[in-house]
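The shown structure was predicted, so the numbers you read here are calculated from the model rather than taken from an experiment.
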Amino acid sequence: MAHSAGADSLSGLQEGSRTILDHYQSQVRTRRIYTVVSIVVFLIILGASLDFANGANSGKFFERLPYFFDFMKSFVPDSPLEIFRAMFDLPSPFSDGSIKYDYTSDRVWITDSFYIPNFFYQLAITLNIAIVSTILGASGAFLLCFFASTNLVGAGVTRWVVRRIMEIMRAFPEIVVAGLLAAILSIGPISAIIAVWVHTVGALGKLFFEVVENADMKPDEGLRAAGASWLERVRFAILPQVLPNFVSYTLLRTEINVRASTIIGAVGGGGIGEVFSLSIGRDHAAKTYAIIILLLITVICVDQFSAWLRRRLIGKQSFEFGQGAA
């Protein structure tokens, strides 16, 4: 009897294992089918997109694709030293009276004997646009994010209105807003600052209120029980928790805004982007490569400085945790 009961138990266990295995294999087959269908749909969409691009390009997209890098092969300076001369506004031995080699006339004179190379001056304008717009944008996002957080204002009209305002502000790319403002306010850094500021408020505002909604509400409950006002609860219960993340996101946004300010220069926003658009449009290879090198160095420096500052403000332990896990 005992042997029969043990055999029945073993048989039942094996049958249960087979059921689990069959169910697992069925799920694997289903997932593989979904994967194959997704890949086929993706390839169909990709093919349709390329066909549309070819039609929009008068049927020349695929025909010109083999010559994609021909421009880079022909777009070379007369000498590698020309890039250095263009960068620092030094006289060129290839000067023929044209603006292509006339680097010295672009100098920005500070005194009678000291000047700033034009590209460095334009780069300073771009950095100024990025920094000012980031400060203004982060300030606006900071003021709005608390009114967009469900855990602080509930799900009422205030939260809905503030979130819609931030959605509208980040809905349009900076270059579109800058183009509209350039038509109204004329070209220049002011239009670029406003355009980047508007988008920064919307983008940072969303990140900020999501951080606030993930904050621990126990300190808030304690202050509320003690009779603290809404502002006091935000100041002493929420802000100490979210401020490190606010700083980290703001520094990250600064890096993004440096690149955005460069792009906006192409539509009249001033700065290094404007002279880059002019130099590449006029076939000035040395000036173009000089600007590219300056932009590359600037982005690397901004990235490294932001990483260093985040470590100083947030603490090294936040970065060492992930390294230890790796």
Side-chain angles (χ1 to χ4, degrees), residues 125-215 230-231 234-235 238-239 241-274 277 298-299 302-303 306 309-310 313:
I125 294 176
T126 297
L127 291 175
N128 182 64
I129 293 171
I131 293 172
V132 172
S133 58
T134 302
I135 293 173
L136 295 176
S139 301
F142 179 83
L143 295 175
L144 291 176
C145 70
F146 299 106
F147 297 98
S149 305
T150 307
N151 53 343
L152 292 180
V153 298
V157 177
T158 301
R159 188 201 67 159
W160 189 89
V161 171
V162 173
R163 288 194 179 190
R164 300 296 83 77
I165 290 173
M166 290 192 291
E167 287 173 1
I168 293 172
M169 296 182 79
R170 67 173 180 270
F172 302 97
E174 297 97 328
I175 192 169
V176 174
V177 179
L180 294 174
L181 291 174
I184 300 172
L185 303 176
S186 77
I187 60 176
I190 298 300
S191 300
I193 289 174
I194 297 176
V196 179
W197 163 71
V198 168
H199 196 274
T200 300
V201 172
L204 278 183
K206 177 177 173 58
L207 296 174
F208 283 3
F209 82 70
E210 288 179 348
V211 172
V212 172
E213 288 186 333
N214 290 324
W230 186 85
L231 287 176
V234 171
R235 168 64 182 86
I238 304 298
L239 193 57
Q241 299 183 59
V242 301
L243 195 56
N245 282 327
F246 281 10
V247 173
S248 181
Y249 283 135
T250 301
L251 291 173
L252 176 62
R253 190 67 204 184
T254 304
E255 301 173 24
I256 297 173
N257 286 348
V258 169
R259 291 183 282 270
S261 301
T262 302
I263 297 172
I264 287 175
V267 296
I272 196 71
E274 185 173 355
S277 177
T298 301
V299 170
V302 170
D303 177 70
S306 297
L309 192 57
R310 281 200 299 270
L313 295 174

Kindly state each residue pair satisfying salt bridge (charged side-chain N to carboxylate O under 4.0 Å, His left out) with at least one member in residues 179-208, sequence neighbours excluded. K206-E210

Please list, one pair per line, the donor and acceptor atoms closer than 3.5 Å that link side chains of residues 134-144 to other protein atoms, with sequence neighbours excluded.
| unit_1 | atom_1 | unit_2 | atom_2 | d |
| --- | --- | --- | --- | --- |
| T134 | OG1 | A130 | O | 2.6 |
| T134 | OG1 | N257 | ND2 | 2.7 |
| S139 | OG | I135 | O | 2.8 |

Kindly give the heavy-atom pair with the smallest separation between [X] and [Y], and that separation in Å.
X    : Y    : result
V196 : S133 : CG1-OG, 3.1 Å
V162 : A148 : CG1-CB, 3.8 Å
W230 : L152 : NE1-O, 3.1 Å
F146 : I238 : CE2-CG2, 4.2 Å
A178 : I264 : CB-CG2, 3.6 Å
G205 : C145 : O-CB, 4.1 Å

Which pairs of donor and acceptor atoms, one on a side chain in residues 187-194, lie under 3.5 Å apart (sequence neighbours left out)?
| unit_1 | atom_1 | unit_2 | atom_2 | d |
| --- | --- | --- | --- | --- |
| S191 | OG | S186 | O | 3.1 |

Atom pair [atom1] ([X]) and [atom2] ([Y]), whose distance is rounded to the nearest 0.5 Å:
X    : Y    : atom1 : atom2 : value
M166 : M169 : CE    : CE    : 9.5 Å
L252 : D303 : CG    : CG    : 9.0 Å
I125 : S261 : CD1   : OG    : 11.5 Å
T254 : R259 : OG1   : CZ    : 10.5 Å

How would you list, by chain and number, every residue that makes a side chain to side chain contact (heavy atoms under 4.5 Å, CB included) with [X], sequence neighbours excluded?
X    : result
N151 : S149, V212, E213, M217
S306 : L251, E255, V302, R310
V161 : V157, I165

Are the side chains of L127 and V258 in touch, meaning some heavy atoms are under 4.5 Å apart? yes

Among residues at least two apart in sequence or on other chains, which ones pass side chain to side chain donor-acceptor pair (under 3.5 Å) with R159? T150

Taken in chain and number order and not counting sequence neighbours, the residues that satisfy side chain to side chain donor-acceptor pair (under 3.5 Å) with R164 are E167

Summary of ring pair (Phe, Tyr, Trp, His ring centres under 6.0 Å) pairs that have at least one residue in residues 170-211, sequence neighbours excluded: F208-F246

Test your reading of the model: is there a side-chain donor-acceptor pair from R170 to the backbone of A203, 3.5 Å cut-off? no

Please identify each residue that fulfils ring pair (Phe, Tyr, Trp, His ring centres under 6.0 Å) with W160, with sequence neighbours left out. none

Applying salt bridge (Lys or Arg N to Asp or Glu O under 4.0 Å), can you list everything that pairs with E174, at least two apart in sequence or on another chain? R253

